[in-house]
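Comments concern the structure below.
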Amino acid sequence: MDLNMNVDAPHSMGTTIIGVTYNGGVVLGADSRTSTGMYVANRASDKITQLTDNVYVCRSGSAADSQIVSDYVRYFLHQHTIQLGQPATVKVAANLIRLLSYSNKNMLQTGLIVGGWDKYEGGKIYGVPLGGTLVEQPFTIGGSGSSYLYGFFDQAWKEGMTKDEAEQLVVKAVSLAIARDGASGGVVRTVIINSEGVTRNFYPGDKLPLWHEELEPQNSLLDILNAPSPEPMNI
């Protein structure tokens, strides 16, 4: 087994990204680990990027690819807003990302989740996975940590959630992915978008809920060895 780490490898966001609709808006969430092979290049990266005042995108896959797609779409949406004299809708932003992703599907390795609120359709979530497909969903998950979350969301998600319930679900889900997926980690960031505007929240790693057999944060290795196993967290 070759243990040599290639620090010059492309930066990849083996990650967990989530978008959830609720009664009045959307909640986006993501972890913060960016890796280069086995090396963690950035443990506190921000994977939720602003496209317009009312639309954000969660990025996974190649960091460079997701950043350049976001930059292009932000520029196009700025021009679109100037021409129309009003903010672009969530569907317009999602379709621009779909167009770029599909037109360059042989060169891009990135999956994106577009979420936002507009006065025409309210809160909307769109998934744009590898290849450029556009799928509107009430909730969507992406990244390497998503494979651990499908059953959890089938059980925990429900229609008509409040803002607090939706954000709590997102934080729980990302913390579960962090516990199970070696490519996800760090802190949890959330963005809440509704008719009142945008709210960003930050949850440090030592404040996240613990899952089965996870250890409490400790300051000493001896404290970790002597700590009892926590009880499994209730959903």
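Here the structure is a predicted model, which means the values were calculated and not measured.
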In terms of the angle between their ring planes, are Trp211 and Phe152 parallel, tilted or perpendicular, with boundaries placed at 30° and 60°? perpendicular
Write down the atom of Gly115, the atom of Val26, and the distance for their closest heavy-atom approach. C-CG2, 4.2 Å
Let me know which of Thr16, Thr15, Thr34 forms a side-chain hydrogen bond (donor to acceptor under 3.5 Å, both in side chains) with Lys47. Thr15
Taking the side chain as every heavy atom from C-beta outward, state whether Glu136 and Ile125 have any atom pair closer than 4.5 Å. no
Could you tell me whether Arg200 and Asp46 make a salt bridge, using a distance below 4.0 angstrom between a side-chain N and a carboxylate O? yes
Residue pairs involving residues 79-92 (criterion side-chain hydrogen bond (donor to acceptor under 3.5 Å, both in side chains); sequence neighbours excluded): Gln86-Tyr120
Does Lys207 qualify as a cation-pi partner of Tyr203, given the criterion of NZ or CZ under 6.0 Å from the six-membered ring centre and within 45 degrees of its axis? no
Search all heavy atoms of Ala183 against all heavy atoms of Asp31 and return the closest pair with its distance. O-OD2, 4.3 Å
For Ser32, give me all partners under side chain to side chain donor-acceptor pair (under 3.5 Å), at least two apart in sequence or on another chain. none
Shortest non-hydrogen contact from Leu130 toward Thr110: CD2-N, 3.2 Å
Under the side chain to side chain donor-acceptor pair (under 3.5 Å) rule, what do Ser70 and Gln67 come out as? Steps first, then yes or no, please. CA-CA 5 Å; Ser70 300; Gln67 285 171 352; over 6 Å; no
Where do Ser184 and Asp181 land on the side chain to side chain donor-acceptor pair (under 3.5 Å) test, with the steps shown first? CA-CA 6 Å; Ser184 300; Asp181 176 34; 2.7 Å; yes
For the side chain to side chain contact (heavy atoms under 4.5 Å, CB included) test, which of Asp53, Ile192, Val198, Ile193 pairs with Trp117? Ile193
Check whether any side-chain N or O of Asp65 sits under 3.5 Å from a backbone N or O of Gln109 as a donor-acceptor pair, and report yes or no. yes
Ile18 side chain reached by Leu28 side chain, heavy atoms, under 4.5 Å: no
So, the side chain of Asn23 versus the backbone of Thr162: is there a donor-acceptor pair under 3.5 Å, distance only? no
